[in-house]
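Reading through the structure tokens given below for one structure.
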Amino acid sequence: MSYEANTNLDEGPPPTTPSSPFGHLVDGLNGAGSLVIAAVMLLMCADVFMRNAFNQPIDGVAEMVAASIIIIVFLQLPSTLRHGRMSRADLFLDPFLLSHPRTALRLRALFSMVGIFACGLIAYATWPIAVRSWTNSEFLGIEGVFTFPTWPMRFVVVLGAGLAALQYALLAWHDLRSSAQAPARGASR
């Protein structure tokens, strides 16, 4: 588990990323998110074709695309974290990691702990909403034209945020463990 991004897309994941059931789960969800992206792309192309060729747009495309974006983000978030592909500002932390490795690893662990809190809060706050949407059979769309249930989207948010919090916890643990073995200061120039 490494924060270091693998920028060569021809290579596989970084060698520090161990294969585990959790890794397979989050990578599988990432693949599912990619399938949702492909389905949304096909749906949008079909809608444009139907709109232009037959003046008959597909009902509910805008609602499905809006819901799909949320689903895609939370399906792919844990894997994005796991493989070090989350957007971050390296301007400060990377040079600091070279000059003060122990402190930088602890700082990175602190950032991961903030991620645990944020993703845990999202999962915690979304859970009752997901249960309510399941029990009340809440739907999104225009009644009589096109509707679909909201509970799958809400449970994906709970699952994705919960797994992202767990991934942040693994990253924090890894950095704290590494900081115990790192020198206090980097090599002098």
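Everything quoted here is computed from the prediction, not taken from an experiment.
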[X] vs [Y] side-chain heavy atoms within contact, under 4.5 Å:
X: Pro57; Y: Met50; result: no
X: Tyr168; Y: Met86; result: yes
X: Phe96; Y: Leu105; result: no
X: Val65; Y: Met44; result: yes
X: Leu93; Y: Arg108; result: yes
X: Leu163; Y: Leu159; result: yes
X: Met153; Y: Phe74; result: no

Same cluster or not: [X] versus [Y], using hydrophobic residues (I, L, V, M, F, W, Y) connected whenever any side-chain heavy atoms lie under 4.5 Å apart?
X: Phe92; Y: Val114; value: no
X: Ile70; Y: Val158; value: no
X: Ile58; Y: Phe139; value: no
X: Leu42; Y: Ile72; value: no
X: Ile37; Y: Leu35; value: no

Trp151 and Phe155 aromatic ring geometry - parallel, tilted or perpendicular at 30°/60° bounds: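 If you compare the ring of Phe155 with that of Trp151, the planes turn out perpendicular.
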
Would you please test Phe22 and Leu170 for side chain to side chain contact (heavy atoms under 4.5 Å, CB included) and show each step? CA-CA 11 Å; Phe22 180 75; Leu170 292 171; 3.7 Å; yes

Backbone N or O of [Y] within a donor-acceptor pair of the [X] side chain at under 3.5 Å?
X: Ser179; Y: Leu176; value: yes
X: Asn52; Y: Val48; value: yes
X: Asn30; Y: Gln76; value: no
X: Thr103; Y: His100; value: no
X: Thr126; Y: Ile122; value: yes

[X] and [Y]: which non-hydrogen atoms are nearest, and at how many Å?
X: Gly141; Y: Glu63; answer: CA-CG, 4.1 Å
X: Val26; Y: Ser79; answer: O-CB, 3.5 Å
X: Ala182; Y: Arg102; answer: O-NH2, 2.9 Å
X: Ile71; Y: Val156; answer: O-CG1, 3.8 Å
X: Gly162; Y: Ala123; answer: N-CB, 3.9 Å
X: Arg154; Y: Ser133; answer: CD-OG, 3.5 Å

Walk me through it: do Val36 and Leu75 pass the test side chain to side chain contact (heavy atoms under 4.5 Å, CB included)? CA-CA 10 Å; Val36 174; Leu75 283 176; 4.3 Å; yes

In sequence, state the C-alpha distance, the side-chain angles, and the governing distance for Met64 and Leu43, and then conclude on side chain to side chain contact (heavy atoms under 4.5 Å, CB included). CA-CA 9 Å; Met64 287 189 290; Leu43 179 65; 3.4 Å; yes

Leu121 atom CG, over 12 foreign heavy atoms within 6.0 Å: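 Yes, enclosed.
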
Answer yes or no: are there more than 12 heavy-atom neighbours, outside Phe117 itself, under 6.0 Å from its atom CZ? no

Ring-face cation of Arg132 near Trp134 (centre distance under 6.0 Å, axis angle within 45°):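 Negative - Arg132 is either too far from the ring of Trp134 or too far off its axis.
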
To the nearest 0.5 angstrom, please state how far the [atom1] atom of [X] sits from the [atom2] atom of [Y].
X: Thr80; Y: Arg82; atom1: OG1; atom2: CZ; result: 12.0 Å
X: Cys119; Y: Leu77; atom1: SG; atom2: CG; result: 5.5 Å
X: Leu81; Y: Leu171; atom1: CG; atom2: CG; result: 6.5 Å

